Amino acid sequence: MAWYDEAVFYHIYPLGLCGAPKENSYGKPEPRLRKLFPWIAHIKEIGCNAIYIGPLFESVGHGYETTDYKKLDSRLGTNEDLKEFAERCHAQGIRVIFDGVFNHTGRDFFAFQDIKKNRESSRYRDWYCNVNFWGNNEYNDGFSYDNWGGYNLLVKLNQKNPEVVDYICDVIRFWVREFDVDGIRLDAADVLDFDFMKALRQVANQVKPEFWLMGEVIHGDYNRWVNEGTLHSVTNYHLHKALYSGHNDHNYFEIAHTVRRLYGMGGNRPDGLRLYNFVDNHDVERIYTKLQNKAHFAPVHVLLYTLPGIPSIYYGSEFGIEGKKERWSDDSLRPALNLEDFAGALQENPCTALISALGHARQKLKALACGDYQELLLTNRQYAFSRNLEGQAVLVTVNNDDADARFQLPAGDAAVYTGVLTGERAVASDGQIAVSVDGNSGEIWVPLGAGELEKPRKQQKILVGKAAHPSMGIAAAAAADKAPEPKSKPVQAAEGKAAKPKGKPKQEAGSQPMATEGRAVQAAEKEPVTVPVHKSYEEMTVAELQTAVLEKMAENGPVTEEMKRTVDENVWHDSLVNWVKSFR
């Protein structure tokens, strides 16, 4: 396997994180990049082993209007600062990926300036697309040209010009020679010329073993870009959308369908297409802002780290910070942060603790990086799958409901499974394991003896609002920030374990019976209830919905007394609606 197959990325937008001015005066270099040196230890501590950082090179504003590809932006420091940053990362076993903005340049780039000066006589007039000396623009250049995204600040390079291709390839060689960079993220790869990308891949194959090319692609068939001739990976915007909307809508079918489709794109190879998975970045809102129920931060990230692909965390999101996209500015998505402000976060901030536990689990369990994927269980609110490698199956369970959920899953040859995040154990019986997952939570189940992690950590829950305390459970913390919903917000115990008050209902995730340890629930005698054909599920009463669920169960096989008790315990209207709709 290449290093990037087992990578866990940390994404940095340096001009934002380092607090650089919005405009570049091209003055004396300010060594703001050195502010990132202490972050390297933090990045490693939370289980990341690769950094994608950029844009880095001289530009006039946000970094994507490049002035000089071979000079660190003056607002960040000098090339020596960048070289030392890369050296320090490598010393900690962390790979470094630069942002390659090769689709366009800024207007201060030397080739464009030469065109402004020499017009038709410029030897660089064909370096850009459709330069028209009969046209004009808002800058009154006396000529027009193609741009990116409708912004004449971003002048589109002519990637079919051999001189342009040679120049960019030389830039890549320079970055490897000067900074020992391990790969490049190609900005706007979905509009790059394919022959141009093939040339970049040839250079990548030459400059350094396992040099990685990852492209920014929004939509389309990712196989067009990810193959042996062009790129190693692309940004997985399909899964990005599914992960947050699938939780906001309580719809795990959307996520599972997206995974199946993407997995199929890779020809069902064990490692799929090795797509770059993320839940937020410098162009989209923070995941903590997007989620309608902040408690879903936990199952979202369990999926990010365990589904096929390469996970990435955007700087600051491990602390659960907010960031809302504004119409005219992305500043709130790219804030300046001081690491000192988050001292002790690993012990005190449940978001950070969860991200760290997942990062270390991902690095230790090779099946999560390159095992094949098999869906095991799916309802609107519960989802389970396995990642299988060399006869070892790692099981993943997530629950987006406020109630705890119980899963019954195939155990394979393993006799005992251990929960990576909680340290809980499940003993197999008749080839099955029965596990319980807290509301708005998730777990990774590993066969006992398959490889010890540093130490099992109790899965900490999310802080919600300034008044929330780190010891609060996920549902209790969420409830503190919302209008009270006592019937659907179970109280949680101090260490993040769900408290078990008498009569607290649990929702069955599968359709098979499961034993309840240490407790026999006696179903109350009830009058027979029929399912009204003239009502929608949303209009039915709890009793009518319970009857509907039992009828659906009966269509799939015998309904046991335990199954009846499980349905009887579920007294939540919305939960029952989603349950009855989940049958196929």
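Only a predicted model underlies this, so the values are computations on that prediction, with no experimental measurement involved.
- Of the possible donor and acceptor atoms, one in the side chain of T352 sits under 3.5 Å from a partner among the backbone N and O of E318.
- Taking H247 as the reference, Y252, H296 meet the ring-ring contact (aromatic ring centres under 6.0 Å, His included) condition, with sequence neighbours excluded.
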Step-by-step side chain to side chain contact (heavy atoms under 4.5 Å, CB included) determination, L231 to M197: CA-CA 7 Å; L231 309 181; M197 284 187 283; 3.9 Å; yes
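- Not counting sequence neighbours, the partners of N227 by the side chain to side chain contact (heavy atoms under 4.5 Å, CB included) test are T230.
- More than 12 heavy atoms of other shown residues, nucleotides or ligands fall within 6.0 angstrom of atom CG in D221.
- Separation of atoms CG (L275) and CE (M214) is listed at 10.5 Å; rounding is to 0.5 Å.
- Side-chain contact between L333 and V284 is absent, with no heavy atoms from C-beta onward closer than 4.5 Å.
- Atom OH of Y151 has 12 or fewer heavy atoms from other residues, nucleotides or ligands within 6.0 Å.
- Between the CG atom in N349 and the OG atom in S356 there is a gap of 11.5 Å [rounded to 0.5 Å].
- Looking only at distances, a side-chain donor or acceptor of T235 sits under 3.5 Å from a matching main-chain atom of V217.
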Audit row: L545, Y537, side chain to side chain contact (heavy atoms under 4.5 Å, CB included) steps and yes/no: CA-CA 7 Å; L545 286 167; Y537 289 132; 4.1 Å; yes
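- Annotation: side chain of I313 is in contact with side chain of H301 (closest heavy-atom distance under 4.5 Å).
- Side-chain atoms of Q159 come within 3.5 Å of backbone atoms of D193 as a donor-acceptor pair (strictly under, hydrogens ignored).
- Side-chain atoms of E443 and T422 include a donor-acceptor pair closer than 3.5 Å.
- A ring pair (Phe, Tyr, Trp, His ring centres under 6.0 Å) with F9 is found for exactly one of Y52, F278, Y276, Y305, namely Y276.
- Residue K366 places its NZ atom among 12 or fewer non-hydrogen atoms of other residues, nucleotides or ligands, all under 6.0 Å distant.
- Residues L239 and V259 are in side-chain contact: their nearest non-hydrogen atoms beyond the backbone lie under 4.5 Å apart.
- The two residues A384 and L409 come nearest to each other via the heavy atoms CB-CD2, 3.8 Å.
- Dense packing is recorded around NZ of K325, with more than 12 heavy atoms of other residues, nucleotides or ligands lying under 6.0 Å away.
- Expressed to the nearest 0.5 Å, how far CG of D187 lies from CG of L154 amounts to 9.0 Å.
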CA sep, side-chain torsions, deciding dist, call: V300, Y244, side chain to side chain contact (heavy atoms under 4.5 Å, CB included): CA-CA 7 Å; V300 162; Y244 72 81; 5.9 Å; no
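- Between T258 and A242, the shortest heavy-atom contact is OG1-CB, 3.6 Å.
- In this structure, V420 and L365 have side chains that are in contact, with non-hydrogen atoms separated by less than 4.5 Å.
- Remark: K535 NZ is packed, more than 12 non-hydrogen atoms of other residues, nucleotides or ligands lying under 6.0 Å away.
- The two residues K44 and H360 come nearest to each other via the heavy atoms O-CE1, 4.0 Å.
- Taking the six-membered ring where tryptophan is involved, the planes of W212 and Y4 are essentially parallel, since the angle between them stays under 30° and well short of 60°.
- A distance of 11.0 Å separates OG in S386 from CD in Q392, rounded to the nearest 0.5 Å.
- The one candidate from L186, D283, L192 that meets the side-chain contact (heavy atoms from CB on, under 4.5 Å) condition with E216 is D283.
- N400 places a side-chain N or O within donor-acceptor distance of the main-chain N or O of N380, the cut-off being under 3.5 Å.
- Side-chain atoms of L358 and P311, non-hydrogen and from C-beta on, never get closer than 4.5 Å to each other.
- Annotation: cation-pi geometry satisfied between R334 and Y13 (NZ/CZ under 6.0 angstrom from ring centroid, within 45° of ring axis).
- Side-chain contact between Y10 and I94: absent, with no pair of heavy atoms (C-beta onward) separated by less than 4.5 Å.
- Formation of a donor-acceptor pair under 3.5 Å by the N248 side chain with backbone atoms of Q292 is found in this model.
- With E539 contributing its side chain and S536 its backbone, the two residues share a donor-acceptor pair below 3.5 Å.
- Side-chain contact between P55 and T66: absent, with no pair of heavy atoms (C-beta onward) separated by less than 4.5 Å.
- With no hydrogens or angles considered, a side-chain donor-acceptor pair links E322 and T289 at under 3.5 Å.
- Partners of Y222 under the ring-ring contact (aromatic ring centres under 6.0 Å, His included) rule, at least two apart in sequence or in another chain, are H238.
- T547 places no side-chain N or O within 3.5 Å of a backbone atom of V531 that could act as its donor or acceptor partner.
- In this structure, E326 contributes its side chain and S332 its backbone to no donor-acceptor pair below 3.5 Å.
- Between Y373 and F385, the ring planes lie tilted relative to each other; the angle falls in the 30° to 60° range.
- Judged by a 6.0 Å distance limit and a 45° cone about the ring axis, K294 is positioned over the six-membered ring of Y288.
- Side-chain contact check for L262 versus L273: every heavy-atom pair is 4.5 Å or farther apart.
- With Y315 as the aromatic partner, R286 meets the cation-pi criteria of under 6.0 angstrom to the ring centre and within 45 degrees of the ring axis.
- Formation of a donor-acceptor pair under 3.5 Å by the N277 side chain with backbone atoms of P308 is found in this model.
- In this structure, CG in L200 is found 11.0 Å from CG in D195, a value given to the nearest 0.5 Å.
- The closest donor-acceptor contact from the side chain of S441 to the backbone of V437 lies at 3.5 Å or more, if one exists at all.
- Rounding to the nearest 0.5 Å gives a distance of 4.5 Å between OG1 of T418 and CZ of R425.
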Trace of the side chain to side chain contact (heavy atoms under 4.5 Å, CB included) decision for Y383 with L303: CA-CA 10 Å; Y383 176 26; L303 290 175; 4.0 Å; yes
